[in-house]
Chemist: 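Before I ask anything, let me first share the structure, which is written out below as structure tokens.
Worth saying up front: this structure is predicted, and the values here are computed from it rather than measured.
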Amino acid sequence: MKKTAFCCLLLLPLALLASRVQAQQFYVVVGAFAKESNAEKFSGYVRSLRYAATYELNKTKNYYYVYVLRTTQRETGISQVSELQQESEFKDAWLFFGSLGSGEVIAQPEVTPVVQEPIKEEAVESAQPDTATSAVLPNTTANETTPERVVKGKLFKFVIQTTDGKPIQGSVHHVDYNRGRDVASYKTDEYIDMPRPSRSNNPMSMVCGIFGYKESVKFVNYDEPAADESITKDTRDAWVVQFELERLKRGDVSVMYHVSFYKDAVVMLPQSKEELDELVSMMKDNPNYKIKIHGHCNGNNSRRIIALGPTKNYFAIQGSDERNGTAKELSKLRAEAVQTYLSDNGIATDRSEVFAWGALSMLVPETSTSARLNDRIEIEIRQD
């Protein structure tokens, strides 16, 4: 009995060690932050670039690590690090081996050399591009005589609504999280003849993100869409994928990740207009909303600022003015430009206020490859 008890005492630490080893995983990390709020914002930025980002606390170093892949396969992690360093702006991505957060092992898809892990403020098989394209079919009904095209793949329709059932017009993105890109983008309430996706993109990652609402992601199995009970068929035998979006509430702060500025400028890049228009829609759909527009910029030095000219051309340098100014002045002018855009589109100015941060709240170093995140606008809901 004593010998048996002694053996059990030996085996117990081994069992504990084995469970600890099982909890160790490889993480492809793209950022580390002392403040959780900064890790949350940076994760959103990485997701806006179509990578599956999340964050957890490294309890040993007391830093929040933002990562895009968790895997038990070291080779898979190394491959993803190498790809990020070569093909994305995350040139300083690294591979961390250990446990983050609670240490629980959560099943994740499996998807130059490993660099030394820095501390800073700041899957699946590799997907092959899908060569087939989706066709938009006419929104005909059974009573209409217009002949319908032959469906070559499977018929899908995407519907977006609020949690209280109000329909929203927008787009749903089919995202390749491994390569950080859109496979396709689909407008709401249209019938889409979708071809079979590549093996690495099935289940299909469908992302719905409209400013003013919390992002929603659905994973749709092309072969068995009904595996998700919320996906149903309509009278045209189309699979209807419905997204319910939750409105932002008082106290919520949302980063306008798709609003970008020319260097040292108040003028925005043309692609910023789509998200600005979503902000306008948010304010019109929620007449009780009052917001604070937070302006930020990269670097604390004074500079030559490209400001809006008399014509208020928000999206082109032509016709702009130039002046010398501080980082705080630049961030204030940026916030005011967003406020003026709202006013030009029917939103009363007393529903918004501005706040200039200058460079006091940069998320990444001034020289980082992700430094454009420092040149940003954030919207805080002050009243809902």
Chemist: With distance as the sole test, does Thr369 use its side chain to make a donor-acceptor pair with the main-chain N or O of Glu89 at under 3.5 Å?
Modeler: yes
Chemist: With a 4.0 Å cut-off, would you call Arg179 and Glu83 a salt bridge?
Modeler: yes
Chemist: So, do Leu245 and Cys208 sit near enough that their side-chain heavy atoms are less than 4.5 Å apart?
Modeler: yes
Chemist: May I ask you to establish whether Lys154 and Tyr222 are in a cation-pi arrangement, using a distance under 6.0 Å from NZ or CZ to the six-membered ring centre and at most 45° from the ring axis?
Modeler: yes
Chemist: Per the side chain to side chain donor-acceptor pair (under 3.5 Å) rule, which among Arg250, Lys292, His294 passes with Glu380?
Modeler: His294
Chemist: With a 3.5 Å cut-off and no angle check, do the side chains of Asn201 and Tyr177 form a donor-acceptor pair?
Modeler: no
Chemist: Drop me the distance from Ile231's CD1 to Phe156's CZ, to the nearest 0.5 angstrom.
Modeler: 7.0 Å
Chemist: Just by modelled atom types, is the Asn288 backbone N or O under 3.5 Å from a matching donor or acceptor in the Gln383 side chain?
Modeler: yes
Chemist: Could you tell me if the side chain of Glu353 sits less than 4.5 Å from the side chain of Phe355, heavy atoms only?
Modeler: no
Chemist: Taking NZ, NE, NH1 and NH2 as the nitrogens, is one of them in Arg50 or Asp176 under 4.0 Å from a carboxylate oxygen of the other?
Modeler: no
Chemist: Are Asn324 and Ile305 close enough that some pair of their side-chain heavy atoms sits under 4.5 Å apart?
Modeler: no
Chemist: Just wondering, are more than 12 heavy atoms of other shown residues or ligands nearer than 6.0 Å to CD in Glu322?
Modeler: yes
Chemist: Do you see a donor-acceptor pair shorter than 3.5 Å between the side chains of Gln80 and Asn178?
Modeler: no
Chemist: Any chance you could lay out the side chain to side chain donor-acceptor pair (under 3.5 Å) test for Glu40 and Tyr64, step after step, and finish with the verdict?
Modeler: CA-CA 9 Å; Glu40 182 178 10; Tyr64 292 92; over 6 Å; no
Chemist: Which class fits the ring pair Tyr45 and Phe90: parallel under 30°, tilted 30 to 60°, perpendicular over 60°?
Modeler: perpendicular
Chemist: Can you tell me how far apart CG (Leu100) and OH (Tyr63) are? Round to the nearest 0.5 Å.
Modeler: 15.0 Å
Chemist: Is a donor on one side and an acceptor on the other found under 3.5 Å between the side chain of Thr188 and the backbone of Phe158?
Modeler: no
Chemist: If I take atom OH from residue Tyr289 and atom CD1 from residue Ile347, how far apart are they, to the nearest 0.5 angstrom?
Modeler: 13.0 Å
Chemist: Under 4.5 Å between any side-chain heavy atoms of Met256 and Met268, yes or no?
Modeler: no
Chemist: Side chains of Asp234 and Tyr191: any donor to acceptor distance under 3.5 Å?
Modeler: yes
Chemist: Against Val81, only a single residue in Leu69, Val30, Leu95 fulfils side chain to side chain contact (heavy atoms under 4.5 Å, CB included); can you say which?
Modeler: Leu95
Chemist: Look at the side chain of Asp193 and the backbone N and O of Gly153, then say whether any donor-acceptor pair between them is shorter than 3.5 Å.
Modeler: yes
Chemist: For Asp252, is there an ion pair with Arg247 - N to carboxylate O distance below 4.0 angstrom?
Modeler: no
Chemist: Please examine the side chains of Glu336 and Leu308, heavy atoms only from C-beta on, and report whether any two atoms are closer than 4.5 Å.
Modeler: no
Chemist: So, Tyr257 and Glu275: side-chain donor and acceptor under 3.5 Å apart, yes or no?
Modeler: no
Chemist: Surrounding NZ of Lys187 (heavy atoms of other residues, nucleotides or ligands, distance under 6.0 Å), is the total greater than 12?
Modeler: no
Chemist: Any donor and acceptor pair, going by atom type alone, linking the side chain of Arg351 with main-chain N or O of Met283 inside 3.5 Å?
Modeler: yes
Chemist: Name the residue from Val267, Val266, Asp344 that meets the side chain to side chain contact (heavy atoms under 4.5 Å, CB included) definition with Tyr314.
Modeler: Asp344
Chemist: Verify, without hydrogens or angle tests, whether Ser79 (side chain) and Glu75 (backbone) share a donor-acceptor contact under 3.5 angstrom.
Modeler: no
Chemist: Just wondering, do Phe315 and Leu269 contact through their side chains at under 4.5 Å, heavy atoms?
Modeler: no
Chemist: State whether the side chain of Gln339 and the backbone N or O of Ser352 hold a donor-acceptor pair below 3.5 Å, judged by distance alone.
Modeler: yes
Chemist: Is a side-chain donor or acceptor of Ser82 paired with a backbone partner of Ile78 at a separation under 3.5 angstrom?
Modeler: no
Chemist: Counting distance only, does the side-chain N/O of Arg323 pair as donor-acceptor with the main-chain N or O of Asp321 below 3.5 Å?
Modeler: no
Chemist: Atom CZ of Arg376 and atom OG of Ser260: how far apart are they, to the nearest 0.5 Å?
Modeler: 12.0 Å
Chemist: From Phe96 CZ over to Asn58 CG, what is the distance, rounded to the nearest 0.5 angstrom?
Modeler: 4.5 Å
Chemist: Check the side chains of Ser230 and Asp228 for a donor-acceptor pair under 3.5 angstrom, ignoring hydrogens and angles.
Modeler: yes
Chemist: Please examine the side chains of Val159 and Asp189, heavy atoms only from C-beta on, and report whether any two atoms are closer than 4.5 Å.
Modeler: yes
Chemist: May I ask you to say whether Asp223 pairs ionically with Arg196, meaning some side-chain N is under 4.0 Å from a carboxylate O?
Modeler: yes
Chemist: When rounded to the nearest 0.5 angstrom, what distance separates CD1 in Ile168 from OG in Ser281?
Modeler: 10.0 Å
Chemist: Between Ser331 and His296 (side chain of the first, backbone of the second, donor and acceptor by atom type, cut-off under 3.5 Å), is there such a pair?
Modeler: no
Chemist: With side chains defined as the heavy atoms from C-beta onward, is the minimum distance between Ile306 and Tyr262 less than 4.5 Å?
Modeler: no
